[in-house]
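Just below is one structure, and these are the notes that go with it.
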Amino acid sequence: MPPNRPNSSVRKEVSPLELVDAAITRIEKVNPQLNAVITPLFDKARAQAQEVCAGAGAPCAGPRTAGDKRW
């Protein structure tokens, strides 16, 4: 789960894949009560997050910082 800090994605301390996984975890937790997600496309979301990382030339694992030149 990504750090629970405001703007952590802006500071690039979490990867796109980590953000997607956190959102999926939350959806899986609350959707049975809300029934808001009718067709979960979690695999597609993860694949798109991986593409973002691949396009940036950075692996999608581990924390990142604003000074990380791989982003």
Side-chain angles (χ1 to χ4, degrees):
M1 176 84 57
N4 190 14
R5 293 187 303 254
N7 300 317
S8 59
S9 64
V10 173
R11 291 190 311 260
K12 299 180 181 176
E13 294 175 345
V14 295
S15 72
L17 186 57
E18 289 171 312
L19 293 172
V20 168
D21 283 339
I24 291 170
T25 298
R26 182 71 176 153
I27 290 167
E28 290 174 336
K29 181 177 180 180
V30 300
N31 196 54
Q33 293 82 28
L34 298 177
N35 198 28
V37 178
I38 307 301
T39 306
L41 301 172
F42 301 149
D43 291 336
K44 184 175 182 178
R46 284 187 179 113
Q48 289 178 344
Q50 286 283 14
E51 288 176 17
V52 169
C53 290
C60 277
R64 302 284 181 256
T65 61
D68 193 337
K69 300 299 181 201
R70 294 177 291 177
W71 279 72

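Because only heavy atoms are used, hydrogens play no part in the values below, and waters and symmetry mates are left out as well, while side chains stay in.
- Residues V30 and V37 are members of separate hydrophobic clusters, defined by side-chain heavy-atom contacts under 4.5 angstrom among Ile, Leu, Val, Met, Phe, Trp and Tyr.
- Atom CG of L41 is separated from atom CD of Q48 by 9.0 Å, given to the nearest 0.5 angstrom.
- Tracing side-chain contacts under 4.5 Å through hydrophobic residues (I, L, V, M, F, W, Y), one reaches F42 starting from V20; they form part of the same cluster.
- Nearest heavy atom pair, residue I38 against residue N35, reads CD1-O, 3.8 Å.
- Nearest heavy atoms, P16 versus V52: CG-CG1, 3.7 Å.
- With values rounded to the nearest 0.5 angstrom, I24 atom CD1 is found 8.0 Å from L17 atom CG.
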